[in-house]
Amino acid sequence: LLLIIGMMADDSTTPTTENNEETASVESEPTQELSTPATQEEVETEVTPTATLGMPKRVGDATFTVNSVNTAKEVGSQYLNSQAQGTYLVVNVTYENNGNEATTVDTSFFKLKYGEKTYDSDSTASLYANSQDDGSTVFLLEQVNPDMSVTGDIIFDVTDEVANAAGLQLQVQTGFFGTETGLITIQ
C-alpha cells in the first residue's frame with residue numbers, strides 16, 4: 001500500500017515539475033527577445049545622432065548637407081559686401097526639399113552650436129555672400145519646389161576662437177518656426 005501511495009505521490013509531483021519547467025521557459029522567452037541584437041539602423045542611430053561634414057541629415061521633409069566650412073573677414077560681391085566684426089564662419093549648405101509643397105529657404109533654418117552657446121546666422125552677410133554681381137541672390141529666400149535642391153552659404157559672425165574651435169555643430173530646422181531640428185557636426 002505504501003508503494004502504491006509513493007508511486008502516486010511521484011506522479012503528482014511530476015506534473016508540478018513539468019509546469020515549473022513550462023513556466024520557466026515562458027518566463028525566459030521575453031528575456032531572450034530583449035537580448036536580440038539591434039538592427040543596423042538602430043545601431044547607427046545610437047552611435048551617430050548627428051551627421052558630419054558631407055553627410056546628408058534628414059529633418060522632416062528636408063535634407064541638409066554641409067559641403068564645406070571656411071573662414072573669411074569679408075563676404076559678398078563687388079557691389080554688396082560685408083565686413084566681419086570678428087571672423088565670418090562660412091558654411092556652404094545644400095538644402096533639398098523632400099516634401100510635397102514648395103518651401104522658401106531662410107537664414108532662420110540655421111543656428112551654430114558651440115557647447116551651451118547658440119549663435120544666430122548673420123542674415124545680411126548671408127544675403128551678401130549669396131549675391132551675384134547683377135544684384136540677384138541665390139539660395140536664401142529662394143523657393144525650392146519638391147524634389148529640388150539649392151546650395152549656398154550661411155554666415156556666422158563669431159570670434160576667432162569659436163571659428164577655429166572643435167565641436168562646432170550646425171543646427172538645422174524645418175521651416176521658419178522649426179518644429180523639427182537636427183544637428184550636423186561641422187568641426
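Numbers here simply count residues along the sequence, with the first being 1. Values reported hereafter were calculated over all heavy atoms of this structure, with side chains retained and with hydrogens, waters and symmetry mates removed.
Linking ILVMFWY side-chain heavy atoms closer than 4.5 Å, directly or via other members, places I184 and V105 in a single hydrophobic cluster. Residues Y79 and I155 do not share a hydrophobic cluster, clusters being chains of Ile/Leu/Val/Met/Phe/Trp/Tyr side chains in contact below 4.5 Å. Following chains of ILVMFWY side-chain contacts shorter than 4.5 Å, one can reach V59 starting from I154, so the two form part of one hydrophobic cluster. In the hydrophobic clustering of this structure, Y114 groups with V66; members are Ile, Leu, Val, Met, Phe, Trp, Tyr whose side-chain heavy atoms approach within less than 4.5 Å, directly or through other members. Linking ILVMFWY side-chain heavy atoms closer than 4.5 Å, directly or via other members, places L170 and V150 in a single hydrophobic cluster.
For the pair S121 (side chain) and T107 (backbone), a donor-acceptor distance under 3.5 Å is present. Here the side chain of Q171 pairs no donor or acceptor atom with the backbone of L183 at under 3.5 angstrom.
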Under the side chain to side chain contact (heavy atoms under 4.5 Å, CB included) rule, what do T104 and V144 come out as? Steps first, then yes or no, please. CA-CA 6 Å; T104 302; V144 183; over 6 Å; no
Could you give me the CA-CA distance, side-chain angles and deciding distance for K57 and T63, then say whether side-chain hydrogen bond (donor to acceptor under 3.5 Å, both in side chains) is met? CA-CA 5 Å; K57 176 68 175 177; T63 300; over 6 Å; no
For side chain to side chain contact (heavy atoms under 4.5 Å, CB included), just list the numbers for T159 and T87, CA-CA rounded to whole Å, side-chain angles, deciding distance to a tenth of an Å, and then say yes or no. CA-CA 6 Å; T159 64; T87 298; over 6 Å; no
Quick one, F156 with V162, criterion side chain to side chain contact (heavy atoms under 4.5 Å, CB included). Give me CA distance, side-chain angles, the key distance, then yes/no. CA-CA 10 Å; F156 297 93; V162 172; over 6 Å; no
Go through S149 and N97 one step at a time and tell me if the side-chain hydrogen bond (donor to acceptor under 3.5 Å, both in side chains) criterion holds. CA-CA 6 Å; S149 64; N97 182 358; over 6 Å; no
Before you tell me yes or no, could you show the steps for V90 and T71 under side chain to side chain contact (heavy atoms under 4.5 Å, CB included), namely the whole-Å CA-CA distance, both residues' side-chain angles and the distance that decides it to 0.1 Å? CA-CA 6 Å; V90 181; T71 58; over 6 Å; no
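Nearest heavy-atom pair, G152 versus N130, reported as atom, atom and distance to 0.1 Å: CA-OD1, 3.4 Å. Nearest heavy atoms, P146 versus E101: CG-N, 3.6 Å.
Atom NZ of K117 sits in a sparse spot, with 12 or fewer heavy atoms from other residues, nucleotides or ligands closer than 6.0 Å.
Note that CG of L140 is 9.0 Å distant from OG of S123, once rounded to the nearest 0.5 Å. How far CG of D157 is from CG of L112: 11.5 Å, rounded to the nearest 0.5 Å. The CG atom of N100 sits 8.5 Å away from atom CG of D147, with the distance rounded to the nearest 0.5 Å. Between the OG1 atom of T52 and the CD atom of Q187 there is a distance of 13.0 Å, given to the nearest 0.5 Å. To the nearest 0.5 Å, atoms CZ (F64) and CZ (R58) are separated by 11.0 Å. N98 CG to M148 CE: the interatomic distance, rounded to the nearest 0.5 Å, is 12.5 Å.
With a 4.5 Å cut-off on side-chain heavy atoms, N81 and V75 do not count as touching. In this structure, V172 and F110 have side chains that are in contact, with non-hydrogen atoms separated by less than 4.5 Å.
In summary, the side chains of N92 and S68 do not present any donor paired with an acceptor at a separation below 3.5 Å, with no hydrogens or angles considered. A donor atom on one side chain and an acceptor atom on the other are not found under 3.5 Å apart for T94 and T65. No hydrogens or angles considered: a donor-acceptor pair under 3.5 Å links the side chains of K113 and T118. Side-chain atoms of S82 and Y88 include a donor-acceptor pair closer than 3.5 Å. Side-chain polar atoms of S126 and D153 form no donor-acceptor pair below 3.5 angstrom.
Separation of the Y95 and F139 ring centroids does not fall under the 6.0 Å cut-off.
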